[in-house]
Amino acid sequence: MPPLTTLTDDERLFRDSVYEFADREIRPLVRDMDEHAKLAPALIDKLFALGVMGIEIPDSYGGGGATFFHSVLAVEALSRVDPSIGVMVDVQNTLVINALLRWGNEEIKSRYLPKMASSLIGGYALSEAGSGSDAFALTTRARECDGEWRLTGRKLWITNGNEAGLFIVFANIDPEAGYRGITAFLVERGFAGFSVGKKEDKLGIRASSTCELLFEDCRVPKANVLGEVGKGYKVAIETLNEGRIGIGAQMVGLAQGALDAAIHYTKERKQFGKAIADFQGVQFQIARAATDVEAARLMVYNAARLRDAGAPFLKEAAMCKIFSSEVAERVSSLAVNLFGGYGFVKDYPVEKFFRDAKIGQIYEGTSNLQLQTIAKQLLG
Ligand SMILES: Cc1cc2nc3c(=O)[nH]c(=O)nc-3n(C[C@H](O)[C@H](O)[C@H](O)COP(=O)(O)OP(=O)(O)OC[C@H]3O[C@@H](n4cnc5c(N)ncnc54)[C@H](O)[C@@H]3O)c2cc1C
């Protein structure tokens, strides 16, 4: 067996090409996108051209025909430069495309996958104002009317809300049936009765749009049910179980970006007549941070490789997400400290990494919910 972090030639070339792209095309835009809380529109076409918007879509539909592990590598490489771009690519691949591949029938796949590989961005709409951790308490309703579905309700916090043309929307067709009424619908941005509401003004990942979605008797064709009617809870749970490995990758990339910046800066910055990296106190802090990042990466890669191998990965996915997000917070906080006063201002990248890190402990299941999943696996 090769070591866990040893990449195949194909994986290495792919990862390096994404990182080079991030360095060349994204890095110069990071500060401006953060300040204006807006993704540079030109980046979107370039991300499609790079091939990171349809990584697992089979060649026959125009995608990359690669693995979930490749998606993890892409999210990590992008997040090393900008975790906002990392999450856009993550939602596209590990949630939306993943769900379409797994639950879509042939008609749905041939209708949407070629577009998703070339120009269409996806969003994943589960959360509502009153239902976050308790996701299946959602109150968006779907009723049958004149041979189609009509959706009414509001979704909150939806990543890619500003850019997406297609949303997987979870709504309940029969509240009496509880979670067994939940159904996944594919809603196009242009469907009558659909609109995008308020965009959130956030602490971190500010270039990633997070929006409210409104459904006012929104008309959805019968053919746009993803999976079976009443089985949307399965679509949601199983997709999120995998998606959280992608958030682990986002957090590993973020932590690596903060660590790289800290190493570079401490070798340059002089105090007491020498580089601050020459002080053993600083060296030990950097060594500990690098150890944390290595451990988090091993956990993320292991969970992703288990998933690709068809082996159980639920516990490992939850563990990698909680651990990586804590590492991202610790390492980015240390990076701010090591930059001193310069760490606290926007001229340097570390204060942004510190702000961006916080989201890892919140979305795709808060840390408490990850602990609940791990405990359930351990204790039955
Ligand atoms: C930037 C951003 C992007 C997002 N993107 C998306 C998206 O694309 N699609 C989507 O559907 N959602 C998205 N979300 C929503 C996100 O998944 C939820 O915010 C998250 O699941 C937490 O739900 P909540 O905010 O309602 O918090 P709550 O569920 O109200 O949790 C509040 C606190 O209570 C704790 N808690 C709750 N229940 C328990 C329990 N049983 N035991 C112990 N502690 C508990 C939580 O851990 C947390 O600390 C996004 C959120 C943000 C901020």
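Whatever order the structure lists them in is the order used to number ligands and atoms, beginning at 1. Since this is a predicted model, take the numbers as computed values, not measurements.
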For this session: Determine whether the side chain, the backbone, both or neither of D134 has a heavy atom under 4.0 Å from any heavy atom of ligand 1.
Result: neither

Problem set entry | For atom 52 (C) of ligand 1, the protein heavy atom that lies nearest, with its residue and separation | I359 CD1, 3.8 Å

Problem set entry | Minimum non-hydrogen distance to atom 28 (P) of ligand 1, winning option of A236, S133, G132 | S133

Seminar exercise, completed: Going by the 4.0 angstrom heavy-atom rule, the piece of L126 near ligand 1 is both

Problem set entry | Residue, atom name and distance, where the atom is the protein heavy atom closest to atom 43 (C) of ligand 1 | N368 ND2, 3.5 Å

Exercise. Is it the case that more than 12 heavy atoms not belonging to K109 sit under 6.0 Å from its NZ atom?
Worked result: yes

Exercise. Between the side chains of N93 and H70, does any donor sit under 3.5 Å from an acceptor?
Worked result: no

Exercise. How does K155 reach ligand 1, by side chain, by backbone, by both or by neither, if only non-hydrogen atoms under 4.0 Å count?
Worked result: neither

Exercise. Is Q372 in contact with ligand 1, taking contact as a heavy-atom separation below 4.0 Å?
Worked result: yes

Problem set entry | Option with minimal heavy-atom separation from atom 19 (O) of ligand 1, where the choices are L213, L240, I168, I362 | I362

Exercise. Quick one: do R24 and E20 make a salt bridge, cutoff under 4.0 Å?
Worked result: no

Exercise. Heavy-atom distance from atom 34 (O) of ligand 1 to the protein below 4.0 Å?
Worked result: no

Exercise. For ligand 1, which atoms, with element, lie under 4.0 Å from some heavy atom of Y124?
Worked result: 7 (C), 8 (O), 9 (N), 10 (C), 11 (O)

Exercise. Is the shortest distance from a Lys or Arg side-chain nitrogen in E148 or K222 to a carboxylate oxygen in the other one below 4.0 Å?
Worked result: no

For this session: Please report which non-hydrogen protein atom sits nearest to atom 46 (C) of ligand 1, along with the residue it belongs to and the distance in Å to one decimal place.
Result: T366 OG1, 3.5 Å

Exercise. Below 3.5 angstrom, do we get any N/O pair linking T210 and ligand 1?
Worked result: no

Exercise. Taking the inter-plane angle between the rings of Y348 and Y265 on a 0 to 90° scale, is it parallel (under 30°), tilted (30 to 60°) or perpendicular (over 60°)?
Worked result: perpendicular

For this session: For the pair E107 and R111, find out whether any cationic side-chain nitrogen is under 4.0 Å from an anionic carboxylate oxygen.
Result: yes

Exercise. Does the gap between the ring centers of F167 and Y124 come in under 6.0 Å?
Worked result: no

Exercise. So is there a nitrogen or oxygen of S127 less than 3.5 Å from a nitrogen or oxygen in ligand 1?
Worked result: yes

Exercise. Within a distance of under 4.0 Å, is there any protein heavy atom near atom 49 (O) of ligand 1?
Worked result: no

Problem set entry | For atom 39 (C) of ligand 1, the protein heavy atom that lies nearest, with its residue and separation | L369 CD2, 3.9 Å

Problem set entry | Min N/O separation W157 to ligand 1 under 3.5 Å | yes

Problem set entry | Contact summary for A357 and S332, nearest pair of heavy atoms | CB-OG, 3.7 Å

For this session: Look at the side chain of Q361 and the backbone N and O of S367, then say whether any donor-acceptor pair between them is shorter than 3.5 Å.
Result: no

Problem set entry | Lys/Arg N to Asp/Glu carboxylate O, E242 vs R102, below 4.0 Å | yes

Problem set entry | Under-4.0 Å protein heavy-atom contact, atom 10 (C) of ligand 1 | yes

Exercise. Is the shortest side-chain N to carboxylate O distance from E351 to R355 below 4.0 Å?
Worked result: yes

Problem set entry | Side chain, backbone, both or neither: T159 near ligand 1, heavy atoms under 4.0 Å | both

For this session: Would you mind checking if R80 and D23 are paired as a salt bridge, meaning a charged N to carboxylate O distance below 4.0 Å?
Result: no

Exercise. Any idea which atoms of ligand 1 are less than 4.0 Å away from a heavy-atom of E364?
Worked result: 17 (O)

